[in-house]
Amino acid sequence: MGVKVYGPPTFTSTARVIAALEEMGADYEVVPIDFAAGEHKHPAHLARNPFGQVPAFEDGDLMLFESRAIARYVARKHKSSGPDLLREGNLQESAMVDLWLEVESQQYNPIISSIVYECLISPIYGGVPDRKLIDANVEKLGKLLDLYEDRLSKTKFLAGDFFSLADLNHMPYSQYFMATPHASLFESRPHVKAWWEDLSSRPAVRKTTAGMPKSG
């Protein structure tokens with residue numbers, strides 16, 4: 001039984017897992033889940049992901065959910081054949097990877113996902129973007145990116161002068177964000193801009209984002 005990733009490949013959480021698999025050169029199969037038909041709430045999928053969300057990840061007898069945990073698993077399983085995304089052989093480097101993984105999930109993701117939802121997703125379903133919410137989160141993101149700019153003025157990537165899962169986990173929502181009217185938040189910060197250009201130009205990322213919106 002091969003590796004299967006259950007979920008639409010354009011969804012950010014599914015894309016995070018696919019990007020990790022691509023980086024590590026792993027074989028996998030994407031099994032689409034039809035949200036419009038409510039397939040994510042069907043018993044078969046709830047057996048894979050009890051929260052009725054995506055992705056779900058199957059590797060033989062192992063079933064996982066939560067994209068960040070899956071990405072860590074992929075990085076560990078394939079560390080001998082792909083890049084060292086977790087740096088677990090070096091205590092200080094792995095600590096910095098863990099730190100920036102937490103920054104992405106706890107600080108960056110809540111802010112940028114709100115902007116992307118209001119600008120790109122809500123209108124698809126007939127919603128009117130909440131300008132007040134967008135403006136508040138754009139302000140928050142600007143302040144956060146100032147911290148990123150300072151960090152990236154000292155190291156090439158977030159955890160150090162090496163590419164890691166901490167960088168890769170930023171990719172899905174950043175890709176969508178760059179298609180919003182607020183992409184200048186990245187472009188006006190030279191080190192953030194260079195970091196994003198390095199990240200988004202990686203072959204694994206290019207393949208993962210082929211079906212996603214491009215920078216506006």
Side-chain angles (χ1 to χ4, degrees), residues 5 7 11-24 49-51 53-57 62 64-79 82-117 133 136-178 182 185-186 189 191-200 202 204-205 208-209:
V5 181
F11 279 32
T12 53
S13 53
T14 310
R16 181 176 291 111
V17 172
I18 292 173
L21 289 161
E22 287 289 341
E23 277 289 344
M24 304 310 290
N49 186 325
F51 295 101
Q53 299 172 347
V54 294
F57 178 89
L62 179 66
L64 298 173
F65 52 92
E66 296 298 342
S67 64
R68 292 171 179 82
I70 299 168
R72 283 187 174 97
Y73 169 79
V74 169
R76 291 188 179 108
K77 179 179 179 180
H78 299 281
K79 64 181 180 180
D84 185 358
L85 294 181
L86 295 173
R87 313 293 284 198
E88 290 181 331
N90 182 301
L91 184 60
Q92 290 187 350
E93 290 181 352
S94 64
M96 293 306 296
V97 173
D98 286 345
L99 186 156
W100 284 97
L101 284 169
E102 289 298 312
V103 171
E104 184 276 326
S105 66
Q106 302 298 323
Q107 304 293 332
Y108 184 85
N109 186 75
I111 297 171
I112 201 168
S113 63
S114 179
I115 298 170
V116 168
Y117 180 84
L133 183 60
N137 280 290
V138 165
E139 182 179 359
K140 290 178 184 178
L141 184 60
K143 291 177 180 178
L144 181 59
L145 289 178
D146 285 341
L147 301 180
Y148 276 57
E149 179 71 9
D150 180 66
R151 172 62 178 172
L152 293 165
S153 71
K154 300 167 184 172
T155 58
K156 183 174 176 61
F157 295 102
L158 290 172
D161 290 322
F162 52 87
F163 180 75
S164 76
L165 190 62
D167 304 292
L168 190 61
N169 273 6
H170 283 75
M171 179 278 294
Y173 268 113
S174 299
Q175 178 71 25
Y176 280 108
F177 177 78
M178 294 304 287
H182 307 289
L185 288 180
F186 277 40
R189 293 167 172 82
H191 294 96
V192 171
K193 179 182 179 182
W195 166 76
W196 173 245
E197 288 174 349
D198 280 346
L199 173 56
S200 60
R202 294 179 72 85
V205 171
T208 303
T209 61

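Just the heavy atoms: all of them, side chains too, but no hydrogens, waters or symmetry mates, feed the values below. This structure is a prediction, so every number in the text was calculated from the model and none was measured. If you read the sequence from its start, that first residue is 1, and numbering goes on from there.
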Trainee: Do side-chain atoms of Thr155 reach the backbone of Leu152 as a donor and acceptor pair under 3.5 angstrom?
Mentor: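 Such a contact is absent between Thr155 side chain and Leu152 backbone.
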Trainee: Looking only at non-hydrogen atoms, find the nearest pair between Leu145 and Val192 and report the distance.
Mentor: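 For Leu145 versus Val192, the nearest heavy atoms are O-CG2, 3.9 Å.
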Trainee: How long is the span from the OH atom in Tyr117 to the OG1 atom in Thr12, to the nearest 0.5 Å?
Mentor: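 The OH atom of Tyr117 sits 13.0 Å away from the OG1 atom of Thr12.
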Trainee: For the atom pair CD (Glu23) and CE (Met171), what is the distance rounded to the nearest 0.5 Å?
Mentor: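 It comes to 9.0 Å.
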Trainee: With under 30° as parallel and over 60° as perpendicular, where do the rings of Phe186 and Phe177 fit, or are they tilted in between?
Mentor: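 Tilted: the ring planes of Phe186 and Phe177 meet at 30° to 60°.
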Trainee: Could you pull out the closest heavy-atom pair between Arg151 and Gly160, with the gap in Å?
Mentor: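 In this case the closest contact between Arg151 and Gly160 is NH2-N, 3.8 Å.
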Trainee: Quick one: NE2 on His170 to OG on Ser200, what's the gap to the nearest 0.5 Å?
Mentor: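 Nearest 0.5 Å value for the NE2-OG distance: 14.0 Å.
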Trainee: Kindly compute the distance separating CH2 (Trp195) from OG (Ser153), expressed to the nearest 0.5 Å.
Mentor: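 Separation between the atoms: 14.0 Å.
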Trainee: Please find the pair of heavy atoms, one from Val138 and one from Ile115, that lie closest to each other, and give the distance.
Mentor: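 The pair with the smallest heavy-atom distance is N-CD1, 3.8 Å.
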Trainee: Taking the side chain as C-beta and beyond, is there a heavy-atom pair between Asp198 and Phe157 under 4.5 Å?
Mentor: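 Yes, close enough: below the 4.5 Å cut-off.
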Trainee: Salt bridge or not between Asp150 and Lys154? Use side-chain N to carboxylate O under 4.0 Å.
Mentor: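 Yes, this pair counts.
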Trainee: Is the closest side-chain heavy-atom distance between Trp196 and Gln175 below 4.5 Å?
Mentor: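 SC-SC contact between Trp196 and Gln175 confirmed.
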Trainee: Taking the side chain as every heavy atom from C-beta outward, state whether Tyr108 and Ser174 have any atom pair closer than 4.5 Å.
Mentor: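 Side chain of Tyr108 against side chain of Ser174, heavy atoms only: contact under 4.5 Å found.
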Trainee: Is there a side-chain contact between Arg68 and Asn109 in this structure, where contact means two heavy atoms from C-beta onward sitting under 4.5 Å apart?
Mentor: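 In contact.
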Trainee: State, yes or no, whether a side-chain contact exists between Ser114 and Leu133 at a heavy-atom distance under 4.5 Å.
Mentor: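 SC-SC contact between Ser114 and Leu133 confirmed.
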Trainee: Is there a side-chain contact between Leu168 and Val205 (heavy atoms, below 4.5 Å)?
Mentor: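 Sidechains of Val205 and Leu168: in contact.
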Trainee: Is the distance from the ring center of Tyr148 to that of Trp100 below 6.0 Å?
Mentor: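 Yes, they do, as the ring centres are separated by less than 6.0 Å.
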Trainee: Please report the shortest heavy-atom distance between Thr14 and Gly7, naming the atom on each side.
Mentor: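 Closest approach of Thr14 to Gly7: CG2-O, 3.6 Å.
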Trainee: Between Met24 and Ala75, what is the shortest heavy-atom contact and its length?
Mentor: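 Scanning both residues, the minimum pair turns out to be CE-O, 3.8 Å.
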Trainee: Output the distance between atom CD1 (Ile18) and atom OG (Ser67), rounded to the nearest 0.5 Å.
Mentor: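 Spacing of CD1 (Ile18) from OG (Ser67) equals 11.0 Å.
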Trainee: Checking Arg189 against Glu149 for the salt bridge (Lys or Arg N to Asp or Glu O under 4.0 Å) test, could you report, in this order, the C-alpha distance in whole Å, the side-chain angles of both residues, the deciding distance, and whether it holds?
Mentor: CA-CA 6 Å; Arg189 293 167 172 82; Glu149 179 71 9; 5.9 Å; no
Trainee: Quick one: list whatever passes salt bridge (charged side-chain N to carboxylate O under 4.0 Å, His left out) with Glu88, sequence neighbours left out.
Mentor: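 Listed in chain order: Arg76.
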Trainee: Any heavy-atom pair between the side chains of Val54 and Asn49 that's under 4.5 Å?
Mentor: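 Of all side-chain heavy-atom pairs linking Val54 with Asn49, none is under 4.5 Å.
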Trainee: Evaluate side chain to side chain contact (heavy atoms under 4.5 Å, CB included) for Leu147 paired with Gln107, printing each intermediate quantity in order.
Mentor: CA-CA 11 Å; Leu147 301 180; Gln107 304 293 332; over 6 Å; no
Trainee: Compare all side-chain heavy atoms of Phe163 with those of Pro83 and state whether any distance is below 4.5 angstrom.
Mentor: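 Not in contact.
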Trainee: Minimum heavy-atom separation for Ala71 and Asn169, please, with both atom names.
Mentor: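 Scanning both residues completely, I find the closest heavy atoms to be CB-OD1, 4.2 Å.
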Trainee: Between OG of Ser113 and CG of Asn137, what distance do you get to the nearest 0.5 Å?
Mentor: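 If we round to the nearest 0.5 Å, Ser113:OG and Asn137:CG are 8.0 Å apart.
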Trainee: Would you say Asp167's side chain and Leu158's backbone share a donor-acceptor pair under 3.5 angstrom?
Mentor: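 Such a contact is found between Asp167 side chain and Leu158 backbone.
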